[in-house]
Amino acid sequence: MNIVTIVGARPQFIKAAAISRVLRSRHREVLVHTGQHYDPNMSAVFFDELGIPPPDVNLAVGSASHGAQTGAMLAKIEDVLLAERPDWVLVYGDTNSTLAGALAAAKLHIRVAHVEAGLRSFNRAMPEEINRIVTDHVSDLLLCPSQTAIDNLAREGITSGVALVGDVMADALRLAAERADHSTLETLGIQEGAYALATVHRAENTDEPGRLRGILSGLATLSIPVIFPVHPRARRAIAALGWTPPPQMRLIDPVGYLGMVALMRSARVILTDSGGIQKEAYWLGVPCVTLRDETEWVETVTCGWNTLVGADPERIAAAAHQPRPTTPRPPLYGDGFAAERCVTALETWNVERKRGSIER
Ligand code: UD1
Ligand code: UDP
């Protein structure tokens with residue numbers, strides 16, 4: 001089969017690293033990078049470290065408002081799809097690149113497979129929630145990481161073309177775990193288990209000065225060093241606030257995945273508004289404090305390893321200082337072999353369709 005894969009943002013490179021290996025062993029993949037993320041430490045570093053084949057096409061769309069960015073991607077992806085006429089378009093997650101890829105393909109009657117389908121925050125103010133809902137509704141194959149995702153789709157009337165495959169980020173973590181770059185801790189002069197790791201990039205936090213101030217104040221009260229790899233969006237927002245970090249907070253540039261895995265694994269606690277990092281914290285057995293009012297990864301909260309605190313400084317500090325959970329940490333979101341199941345689902349879709357079991 002011919003498959004066009006659309007990626008554009010940091011977490012999509014990491015997810016594609018897991019699937020592309022399996023896909024390319026059996027099929028032809030054309031990798032399209034929209035250019036949504038373009039700084040070397042937001043893009044190239046992941047291709048280099050994770051051995052992702054260089055993009056076959058780079059649309060170099062760059063940053064813009066939602067409409068301008070998604071529209072530019074849509075037009076350029078359409079050109080690629082008209083030239084390639086693939087059997088499938090594969091999209092990941094919930095970014096503007098995901099939405100553009102899915103829409104471009106659906107309008108050309110090319111089948112769409114969505115990795116990380118069915119996730120919902122039930123907060124339509126999040127741009128990602130709109131991207132997820134639209135993408136899921138134009139997808140032919142919905143590759144879900146959890147039963148919750150399948151249930152969410154069923155509530156919206158999507159019950160066929162749905163497969164429970166597990167989470168490809170677990171595959172990515174499994175593949176990277178042995179290669180984690182522990183020299184990152186040495187370079188920063190920090191000790192295992194003696195620091196907090198923080199990340200912030202959601203629009204709801206970076207674009208709301210009140211919330212951003214609340215988060216920064218909460219982080220600033222922690223009694224242990226806080227390592228904070230700063231997403232460019234947050235860097236700009238923090239500069240606009242004119243905020244200066246206290247001495248125990250270290251604002252550093254975004255790090256590569258191998259350095260990030262080392263930083264996550266050895267942290268005492270992780271504070272984040274990232275989707276991916278909430279799961280990685282869980283898999284690595286590090287308590288997570290989520291700087292949001294809701295999460296798509298509800299199971300991590302239910303079992304006591306993730307605490308939702310929003311942007312309130314006192315709740316942030318209280319949650320970060322809590323003792324390590326003693327509740328069990330049952331396996332969630334698959335076994336680290338989701339990529340194989342995703343590719344098999346693509347391969348068997350027609351067969352299944354004839355049987356009528358997953359036809360949409
Ligand atoms: C995007 C996704 C979000 C995902 C995140 C992963 C959307 C709507 N949002 O958010 O779901 O969780 O990626 O990190 O698709 N910038 C740079 N250099 C870069 C990239 C971005 O400086 O290489 C700056 C630009 O000022 C840009 C801003 O960051 O305007 C936001 O970038 P954008 O890709 O629009 O959204 P993210 O916040 O990265
Ligand atoms: N990540 C990274 N370096 C960093 C910050 C994050 O490698 O400096 C990784 C992180 O471990 C996870 C992914 O990037 O695998 C998550 O990306 P992000 O938080 O930007 O997006 P989200 O998952 O919220 O969509």
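Quick caveat: nothing in here was measured; it's all calculated off a predicted structure. Atoms within each ligand, like the ligands themselves, are counted from 1 in listed order.
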Protein residue, atom and distance nearest to atom 9 (N) of ligand 1, heavy-atom basis: Glu128 OE2, 3.7 Å

Arg10, any N or O under 3.5 Å of ligand 2 N or O: yes

Ser266 vs Leu185 side-chain heavy atoms within contact, under 4.5 Å: yes

Trp243 side chain reached by Leu251 side chain, heavy atoms, under 4.5 Å: yes

Option set Leu258, Asp273, Val255, Thr199, criterion heavy-atom distance to atom 8 (O) of ligand 2, minimum: Val255

Residues, nucleotides or ligands: over 12 heavy atoms within 6.0 Å of Arg124 CZ: no

Side chain to side chain donor-acceptor pair (under 3.5 Å) evaluation trace for His27 with Glu347: CA-CA 10 Å; His27 303 284; Glu347 290 167 345; 2.6 Å; yes

Side-chain H-bond candidate by donor/acceptor type, Gln36 with Ser97, under 3.5 Å: yes

Atom 34 (O) of ligand 1: nearest protein contact (heavy atom, Å): Gln36 NE2, 3.0 Å

Geometric N/O contact Tyr38 with ligand 1, under 3.5 angstrom: yes

Nearest-neighbour protein heavy atom for atom 27 (C) of ligand 1, which is reported as residue plus atom name and distance: Ser63 OG, 3.3 Å

Tyr282/Trp297 aromatic ring centres below 6.0 Å: no

Atom 26 (O) of ligand 1 [closest protein heavy-atom partner, distance rounded to 0.1 Å]: Arg236 NH1, 2.8 Å

Heavy atom of the protein closest to atom 16 (C) of ligand 2 (residue, atom name, distance): Ser274 OG, 3.8 Å

Ligand 2 atoms in contact with Gly275 (distance to a heavy atom under 4.0 Å): 22 (P), 23 (O), 24 (O)

Arg235 to ligand 1, any heavy atom closer than 4.0 Å: no

Distance filter under 4.0 Å to Asn96 heavy atoms, resulting ligand 1 atoms: 7 (C), 8 (C), 15 (O)

Geometric N/O contact His201 with ligand 1, under 3.5 angstrom: yes

Ligand 1 N/O within reach of Ser97 N/O, cut-off under 3.5 Å: no

From CA spacing to verdict: salt bridge (Lys or Arg N to Asp or Glu O under 4.0 Å), Glu296, Arg132: CA-CA 11 Å; Glu296 300 77 29; Arg132 289 177 198 130; 3.2 Å; yes

Main-chain N/O of Gly93 paired to His114 side chain as donor or acceptor, under 3.5 Å: yes

Arg174, CZ atom: more than 12 neighbouring heavy atoms under 6.0 Å: yes

Ionic contact status for Arg211 with Asp293, cut-off 4.0 Å: yes

Which segment of Pro229 sits under 4.0 Å of ligand 2 when only heavy atoms are counted: side chain

Atom 1 (N) of ligand 2: the protein heavy-atom neighbour that sits closest, reported with distance to 0.1 Å: Met260 CG, 3.7 Å

Geometric N/O contact His231 with ligand 2, under 3.5 angstrom: no

Residue and atom name of the nearest protein heavy atom (relative to atom 6 (C) of ligand 1), distance in Å to one decimal: Pro11 CD, 3.5 Å

Pairwise side-chain contact, Leu50 with Phe13, heavy-atom cut-off 4.5 Å (strictly under): no

Protein contact to atom 12 (C) of ligand 2 [nearest heavy atom, distance to 0.1 Å]: Glu280 OE1, 3.3 Å

Location of contacts on Asp94 toward ligand 2, heavy atoms closer than 4.0 Å: neither

Cationic N near anionic O, under 4.0 Å, Asp39 to Arg235: no

Glu129 (side chain) donor-acceptor with Phe122 (main chain) under 3.5 angstrom: yes

Under-4.0 Å heavy-atom contact with ligand 2, by part of Glu128 that carries it: neither

Lys/Arg-Asp/Glu bridge criterion (N-O < 4.0 Å) met for Arg202, Glu128: yes

Nearest heavy atoms of Phe337 and Asp335, plus distance in Å: N-OD1, 2.9 Å

Nearest neighbour in protein (non-hydrogen) for atom 13 (C) of ligand 2: Ile14 CD1, 3.7 Å

Contact atoms of ligand 1, heavy-atom distance to Asp94 under 4.0 Å: 11 (O)

Enumerated ligand 2 atoms positioned under 4.0 Å from heavy atoms of Arg202: 22 (P), 24 (O), 25 (O)

From Glu186 atom CD to Gln191 atom CD, the distance as rounded to the nearest 0.5 Å: 9.5 Å

Closest protein heavy atom (residue, atom, distance) for atom 23 (O) of ligand 2: Gly276 N, 2.8 Å

Ligand-residue contact atoms, ligand 2 with Met169, heavy atoms, under 4.0 Å: 12 (C), 15 (O)

Nearest neighbour in protein (non-hydrogen) for atom 20 (C) of ligand 1: His37 CD2, 3.5 Å

Note: Asp56-Arg24 ion pair, threshold 4.0 Å (strictly below): yes

Glu78 with Lys107: basic N within carboxylate O range, under 4.0 Å: no

Minimum-distance protein heavy atom relative to atom 25 (O) of ligand 2: Pro11 CG, 3.5 Å

Contact atoms of ligand 2, heavy-atom distance to Gly256 under 4.0 Å: 7 (O)

Ligand 2 contacted by Gly93 (non-hydrogen, < 4.0 Å): no

Flag if over 12 foreign heavy atoms under 6.0 Å of CD, Glu156: yes

Any N/O pair Phe46/ligand 2 closer than 3.5 Å: no

Atom indices of ligand 2 within 4.0 angstrom of Pro254 heavy atoms, with elements: 8 (O)

Atom 31 (C) of ligand 1 - nearest protein heavy atom and its distance: Arg233 NH1, 3.5 Å

For atom 22 (O) of ligand 1, the protein heavy atom that lies nearest, with its residue and separation: Pro232 CB, 3.2 Å

